[in-house]
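Data block below; observations after.
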Amino acid sequence: MRIAKRVENLPPYLFVGISRKIAEKKARGEDLVSFAIGDPDMPTPKHILDSLCQAARDPANHRYPESDGLPQLRQAISTWYQHRFGLTFNPNKEVVPLIGSKEGIGHVALCFIDPGDIALVTDPGYPVYSVGTMFAGGDCYFLPLTEDNDFLPHLDQVPADIANRAKLLWINYPNNPTAAVADEAFFKKVVAFAKRHDIAVCHDAPYTEVAFDGYRPLSFLQTPGAQDVGMEFHSLSKSYNMTGWRIGMAVVNA
């Protein structure tokens, strides 16, 4: 029995390998600090648990939701974006709930990438950016994140032939794993680059609510022109210690 070539060509999933190494060391009794998958080690806040318990007793919640998500949830996401970033999205056309943001991140390449197309992927970065590209039959061109450029990609160093073939650009700020942040000046460069080469920008933004010392991270979509080229993925996983709950969302100009 032969499996599909798309599976044969996939590299091992990074976090599986790291978890196995951690398990081996723990089995030997070694004390270690895990740098595996970013999973909060604090519980979900009590008021959220209480709301879950109450909602779980409502038979209406035991059925399939609408295929585009509950209207109340889409409205809540839209309202949050308005309060947090001052951005307005139509909850019926520009907001989609996700089974964790990973669902959208892993599948969005299927909307943009045909076999042979290129996605620009930051390195290091979340492995699903590249894996989703591979499942869509595309190729990845990796953009190194280095200290000399404050862990921002050198967009001006992307070869012209690569930029002209690219269909997607992945960015992620505040960044995992470097913890780097991006300012409006960088986001403006991203918008200009995307418009110049007709590229869709996917901003993975689950860490905008994990900031310190008064710093308030931006949404990429606050940048002038960003909604012409970009979409943003967000999640409750990191900000509310809800990784296992699988609740995320994407917002985009319809």
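Computation of the quantities below employed the complete heavy-atom set of this structure, encompassing side-chain atoms and omitting hydrogens, waters and symmetry-equivalent molecules.
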With a 3.5 Å cut-off and sequence neighbours excluded, list the donor-acceptor pairs that the side chains of residues 162-171 form with protein atoms.
{"unit_1": "N164", "atom_1": "OD1", "unit_2": "H197", "atom_2": "ND1", "d": "3.1"}
{"unit_1": "N164", "atom_1": "ND2", "unit_2": "A160", "atom_2": "O", "d": "3.0"}
{"unit_1": "R165", "atom_1": "NH2", "unit_2": "G116", "atom_2": "O", "d": "2.9"}
{"unit_1": "K167", "atom_1": "NZ", "unit_2": "F112", "atom_2": "O", "d": "2.8"}
{"unit_1": "K167", "atom_1": "NZ", "unit_2": "D117", "atom_2": "OD2", "d": "3.1"}

Residues 90-98 side chain polar contacts: donor-acceptor under 3.5 Å, at least two apart:
{"unit_1": "N90", "atom_1": "OD1", "unit_2": "N92", "atom_2": "N", "d": "2.8"}
{"unit_1": "N92", "atom_1": "OD1", "unit_2": "R74", "atom_2": "NH1", "d": "3.1"}
{"unit_1": "E94", "atom_1": "OE1", "unit_2": "N90", "atom_2": "N", "d": "2.9"}
{"unit_1": "E94", "atom_1": "OE2", "unit_2": "A254", "atom_2": "N", "d": "3.0"}

Any pair counted as salt bridge (Lys or Arg N to Asp or Glu O under 4.0 Å), so long as it reaches residues 214-229, sequence neighbours left out:
K195-D228
Salt bridge (charged side-chain N to carboxylate O under 4.0 Å, His left out) filter on D58, not counting sequence neighbours, yields none
Between side-chain atoms of residues 183-191 and protein atoms elsewhere (two or more places apart, or another chain), which donor-acceptor pairs fall under 3.5 Å?
{"unit_1": "D183", "atom_1": "OD1", "unit_2": "A185", "atom_2": "N", "d": "3.3"}
{"unit_1": "D183", "atom_1": "OD1", "unit_2": "F186", "atom_2": "N", "d": "2.9"}

Could you list the residues that satisfy side chain to side chain donor-acceptor pair (under 3.5 Å) with S51, not counting sequence neighbours?
none
Across all chains, not counting sequence neighbours, the side chain to side chain contact (heavy atoms under 4.5 Å, CB included) partners of A179 are none
Any residue meeting side chain to side chain contact (heavy atoms under 4.5 Å, CB included) with I48, in chain and number order, not counting sequence neighbours:
T44, P45, Y240, M242, W245
Partners of S67 by side chain to side chain donor-acceptor pair (under 3.5 Å), sequence neighbours excluded?
none
Can you name the residues that form a ring-ring contact (aromatic ring centres under 6.0 Å, His included) with F85, not counting sequence neighbours?
W80, Y81
Salt bridge (Lys or Arg N to Asp or Glu O under 4.0 Å) pairs, two or more places apart, involving residues 32-53:
K46-D50
Please report, to 0.1 Å, the donor-acceptor pairs under 3.5 Å made by any side chain of residues 16-27, with sequence neighbours excluded.
{"unit_1": "S19", "atom_1": "OG", "unit_2": "F15", "atom_2": "O", "d": "2.9"}

